[in-house]
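To start, the structure itself, in structure tokens.
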Amino acid sequence: MKIQSHITIPLLLLLLFSACSTSVKEKNSETSATIETIENGRKNYKTYCNPIDIDYSYMSHYRANNNVSYRSGADPAVVNFKGKYYMFVTRSHGYWVSDDMSNWNFIRPQSWYFNGSNAPAAAVKDGKIIVLGDPSGRGAVIETDDPDLGNWTTNFAVINMPNGVQDPDLFVDDDGKVYLYEESSNVFPIHGIELDPENYYVPIGEQKDLFNLKPDEHGWERFGQDHRSDIDPFIEGPWMVKHGDTYYLEYGAPGTQWNVYADGVYTSNNPLGPFNYAPYNPISYKPGGFLKGSGHGSTVKDNNGNFWHFSTMAISVNYKFERRLGMYPAGFEDDGQMYVNTAYGDYPHYLPDHTVSDHKERFTGWMLLSYHKPVKTNSPLVEKDINVVDESEGGYMQEQIRGFEIEKINDEEIRSYWVSATNNDSIFVEIDLKKPMGVSAVQINFQDFNSEIFGRPDTLKQRFTIDASSDGKEWRTIADLSKNDRDMPHGYIELEKEEEARFIRYNHVSCTNTYLAISEFRIFGKGKESPPETPGNFTAGRQSDRRNCDLTWDAVEGATGYTLYWGIAKDRLNLNVLIYDEPDYELRALTTDQGYYYQVEAFNENGLSERSEILYTE
């Protein structure tokens, strides 16, 4: 989904913005060596946890109106260029580079778009990266053979499509031919056209209409939270992948601000079609959990030959376009069916360079230990009201979650958050896990409350320590970022070794924002008791509206929540939703003329249950 801007002018500025060294302070002899996994600003991790923890840029769209400030990262276009991954993100005033998908360093290129690229396209051709992302929708392809320096050049040949270029994708085929796909609209379809790389990438022939949404048939293409709006949905964000002899044209729908934002795919044996709707759609879908949505993405092959899908995830508090990025293992079944595995997609997963027996299954098994556990702080609550752009009355945004009490800090809802009245080094937040558990990682998700930051100042950082205790009296430091100079808005800390503890405490030192606001303090690891039992009395019934299915099961004692799986084959239950607390789910993402298989499991801090029997509906 787009925000239009004026045509950009190259910015002649060279600055590589990379993570700064994180110092380690030995507090006492019991301080864990855990923090030594961050050396010279580089994380030596084997895991990651969504959202991707990068230094997201602050947006400026409403600065002139009411001074609303918020971070955002959306519409990722990720390419593998000479063994490194380059990630281009909407309105970021540059881009990121990584050699392992864990350590991402920001690049301020020598020349770039003054207002940032909008839903940029990126591809590799003839030893260069080519990009198309002028916010005006009318720009030329730019290119460089040195993206680390960022000496981008333009040929000044503006690509002038009838309605401009929105959400572009550049695809380079095996024969060297180049294609442009584009659109972001709730009226127009995805378009495609060949470009001439020997003639300044000008279009060849006429643009073709490829396909549009069919929400009356495809339940997941309906607009709104849980697909419950009558507003016409948006189709956007095409991305082409070729696997074997098949072309997979991904697309995003139904709207970036909703929990059901997803990517689907059409396939063809020709880059310009005709295209066929994949019966297993959507491919990337994450309607539940802490951070929801997984649409308008890109799929890239890593240096080990495995595919990864990067996508857009919604926060939509300060503004509907307040978003973050996620990454998930992806690939193709033996018969060519495309998949993206989002199961437990905001829990820790193994990184690309960590060897696993099955790339599709990279979940570490580290469970969430902190959900709704007793929590306390010594800080009073802020009493100020929010300053946001609220479009909920028009149906384009969820209503605000009111109240900033400390219990919001571990409710697994990124849209709710705790706000401290003060921002100093006397503040702590303490969670009681209620029992001794093995802690393997923590994640601190900071939120922007009445922020007044815009663009990319180089002063952003968060400083804190994490302590652990068995009795709430004797404490040891397990992570020391008290001298951190890195911007880590979703600070994920993988401990070098499992730490046994009942109490975990966040000790604040400082943060750049005026207010200390945290949407979630998450603790991962393993409990020491048994996983929950398998849910019983599992039933599935398609509604008269065949886009919907009612699924029910008995509540399981001691379960934190449930994960429901479905798909078009018994051994391909590739889609899922994570549900906290209560059983039962109304699935509203089905295709009317397709049969489906279903299965459910329970989970808690001790692990996963065995899955239920598999059910089928015609």
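Each residue takes its place number in the sequence, starting with 1.
Side chain to side chain, Glu322 and Tyr70 fail the donor-acceptor criterion of an N or O pair below 3.5 Å. A donor atom on one side chain and an acceptor atom on the other are found under 3.5 Å apart for Gln398 and Gln225. For the residue pair Glu236 / Tyr261, a side-chain donor-acceptor distance below 3.5 Å is found, with atom types taken as modelled. For the residue pair Lys286/Asn576, the side-chain donor-acceptor check at 3.5 Å is not satisfied. Counted by atom type alone, Asp263 and His309 present one or more donor-acceptor pairs between their side chains at under 3.5 Å. Inspection of the Thr539 and Thr552 side chains reveals an N or O donor paired with an N or O acceptor under 3.5 Å.
Ionic pairing of Lys360 and Glu333 is present here: one or more N-O contacts between side-chain nitrogen and carboxylate oxygen are shorter than 4.0 angstrom. Residues Asp545 and Arg547 are paired through a salt bridge, judged by an N-O separation under 4.0 Å between the basic side chain and the carboxylate. A salt bridge links Asp335 to Arg572: at least one charged side-chain nitrogen sits closer than 4.0 Å to a carboxylate oxygen. Ion pairing between a basic and an acidic side chain is recognised when a charged N comes within 4.0 Å of a carboxylate O; Arg522 and Glu412 show such pairing. A salt bridge does not link Glu618 to Arg546: none of the charged side-chain nitrogens sits closer than 4.0 Å to a carboxylate oxygen. A salt bridge links Glu500 to Lys528: at least one charged side-chain nitrogen sits closer than 4.0 Å to a carboxylate oxygen.
Tested against Tyr562, the residues Tyr585, Phe603, Trp553 include a single ring pair (Phe, Tyr, Trp, His ring centres under 6.0 Å) partner, Trp553.
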**Message:** The test is side chain to side chain donor-acceptor pair (under 3.5 Å); show your working for Glu610 and Thr534 and say whether it passes.
**Reply:** CA-CA 5 Å; Glu610 295 292 328; Thr534 301; over 6 Å; no

**Request:** Evaluate side chain to side chain donor-acceptor pair (under 3.5 Å) for Tyr598 paired with Thr617, printing each intermediate quantity in order.
**Result:** CA-CA 8 Å; Tyr598 314 89; Thr617 62; 2.7 Å; yes

